[in-house]
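Quick note: numbers below take in every heavy atom, side chains included, and nothing from hydrogens, waters or symmetry partners.
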There are 2 protein chains.
Amino acid sequence: MRAYKHPSIDDVTMEEIFHALSDPVRLGIVRQLHREGDQTCSALDGGRPKSTVSHHFRVLRDAGLVHTRVEGVTHMNALRRKELDERFPGLMTAVLG
Amino acid sequence: MRAYKHPSIDDVTMEEIFHALSDPVRLGIVRQLHREGDQTCSALDGGRPKSTVSHHFRVLRDAGLVHTRVEGVTHMNALRRKELDERFPGLMTAVLG
DNA sequence: GCGATAGTTCGTAAAATATCGAACTATGGA
DNA sequence: TCCATAGTTCGATATTTTACGAACTATCGC
């Protein structure tokens, strides 16, 4: 994997965001990213198998919630907070507050 | 059916709300209730079979988003907007805005 | 080049969800 | 009481989602 595909923020839909956040694992990841800032996948796996975690990150990326960048041998994840705030004002504040 | 069971607002979780709203039919129902005010189930069925619509209303009620009251032969649905606003400030505004 | 580490992808099995027809229930009105 | 209307419940099927092991890929350091 050389680079990840992330949807343009304009293509992100609320429906997909809700779907992504309807899973407790993913909601937990998003909240932890908010509280603690950017983190690698393994810092967020909660002891789950890698393939499971990888799946959840894919859903979060596809939904437009998380941006993943490759940093050497690790992959660093960030909430797309600023873009999301512009696209859906107040949503992430309500979700994370 | 004599009366519906609705969860106490304190038992409502964001996770369940997200699950309920992750379906396009249900998100549509919630938005229409917001735009047009209380409505019967059949006014919100969008041509779908009754059993399908009934299922979606059950999910919306169980998630704490919608309150249904019996009015004669029809069942009237209302967004639990005020309660939701107190429980999750800003959430419904973001969802509906 | 050779490990070691971090994650992805694939295949599959299990669980949850959506959809719909058919039968049922409750209410109001003729 | 009988009928029509509004909606629920049941049962079956099809689709989606989750979870996880195994095999694979990419990068770093030696």
Side-chain angles (χ1 to χ4, degrees), chain A residues 1-7 13 15-30 32-33 36-78, chain B residues 1-7 13-30 32-33 36-79:
Chain A
M1 179 112 305
R2 194 155 293 274
Y4 288 91
K5 263 193 67 178
H6 297 93
T13 66
E15 202 177 291
E16 272 187 276
I17 287 181
F18 292 145
H19 167 246
L21 295 180
S22 71
D23 182 281
V25 175
R26 293 192 291 262
L27 185 56
I29 288 173
V30 164
Q32 186 172 342
L33 280 177
E36 308 178 10
D38 299 4
Q39 304 209 22
T40 62
C41 297
S42 46
L44 294 155
D45 65 10
R48 271 166 277 269
K50 295 159 148 214
S51 53
T52 299
V53 176
S54 185
H55 159 71
H56 285 306
F57 271 102
R58 191 182 198 323
V59 174
L60 288 169
R61 276 193 298 271
D62 289 351
L65 284 161
V66 166
H67 181 272
T68 307
R69 62 188 186 274
V70 179
E71 281 195 358
V73 78
T74 71
H75 301 199
M76 193 58 84
N77 300 283
Chain B
M1 180 112 305
R2 196 157 294 275
Y4 289 91
K5 262 193 66 177
H6 297 93
T13 67
M14 259 199 202
E15 203 178 291
E16 271 187 277
I17 287 181
F18 291 145
H19 167 245
L21 296 180
S22 70
D23 182 282
V25 174
R26 293 192 291 261
L27 186 55
I29 288 173
V30 165
Q32 186 173 343
L33 279 176
E36 308 179 9
D38 299 5
Q39 303 208 22
T40 62
C41 297
S42 46
L44 292 155
D45 67 9
R48 271 165 276 268
K50 294 157 148 217
S51 53
T52 300
V53 175
S54 185
H55 160 70
H56 286 306
F57 271 103
R58 192 186 198 321
V59 174
L60 289 170
R61 275 193 299 270
D62 289 351
L65 284 160
V66 166
H67 181 273
T68 308
R69 62 186 185 275
V70 179
E71 282 194 358
V73 78
T74 72
H75 301 198
M76 193 59 83
N77 299 284
L79 252 186

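- In this structure, B:His56 reaches the C:dT19 phosphate: one of its side-chain N or O atoms is under 4.0 Å from OP1 or OP2.
- For A:Ser54 against C:dG7, no side-chain N or O and base N or O form a donor-acceptor pair under 3.5 Å.
- Considering only the side chain of B:Cys41, D:dG7 comes nearest among C:dA6, D:dC20, D:dG7.
- Applying the 4.0 Å criterion to OP1 and OP2 of C:dT8, one finds that A:Arg61 has a side-chain N or O inside that range.
- OP1 or OP2 of C:dT5 has not a single side-chain nitrogen or oxygen of A:His75 nearer than 4.0 Å.
- For B:Gly72 and B:Lys50, each mapped to the nucleotide of DNA chain C holding its nearest heavy atom, the one lying further toward the 5' end belongs to B:Lys50.
- Of the residues B:His67, B:His6, B:Lys5, the one that meets the side-chain contact (heavy atoms from CB on, under 4.5 Å) test with B:Arg61 is B:His6.
- Rounded to whole angstrom, the span from the CG atom of B:Asp23 across to the P atom of D:dT17 amounts to 11 Å.
- Formation of a donor-acceptor pair under 3.5 Å by the B:Ser22 side chain with backbone atoms of B:His19 is found in this model.
- Toward the 5' end of DNA chain D, the nearer of the two residues A:Ser51 and B:Met76, judged by each one's closest nucleotide, is B:Met76.
- One can place CG of B:Leu60 at 14 Å from P of C:dT17, the figure rounded to the nearest angstrom.
- Atom P of nucleotide D:dT17 and atom CD of A:Glu16 are separated by 10 Å, given to the nearest angstrom.
- For the pair A:Asp45 CG and D:dA19 C1', the interatomic distance rounds to 14 Å; values are reported in whole Å.
- The listed nucleotides are D:dT27, D:dT18, D:dA19; the one nearest the side chain of A:Arg26 is D:dT18.
- Distances shorter than 4.0 Å separate some side-chain N or O of B:Thr52 from OP1 or OP2 on C:dC20.
- The phosphate of C:dG7 has neither OP1 nor OP2 within less than 4.0 Å of any side-chain N or O from A:Tyr4.
- With rounding to whole Å, A:Arg58 atom CZ is found 22 Å from C:dA6 atom P.
- Considering only heavy atoms from C-beta on, A:Leu33 comes within 4.5 Å of A:Gln39 through its side chain.
- Atoms NE2 (A:His19) and P (C:dA18) sit 10 Å apart, rounded to a whole Å.
- Protein atom CZ of B:Arg48 is 17 Å distant from nucleotide atom C1' of C:dG21, rounded to whole Å.
- Counting any heavy atom pair closer than 4.0 Å across all strands shown, A:Arg69 reaches no nucleic acid atom.
- If you look at A:Tyr4 and A:His75, their ring centroids are closer than 6.0 Å.
- At C:dC20, none of the side-chain N or O atoms of B:His55 fall inside 4.0 Å of OP1 or OP2 (strictly under the cut-off).
- The CG-C1' distance, from A:Asp62 to D:dT18, rounds to 16 Å in whole Å.
- The environment of CZ in B:Arg69 is crowded: more than 12 heavy-atom neighbours from other residues, nucleotides or ligands sit within 6.0 Å.
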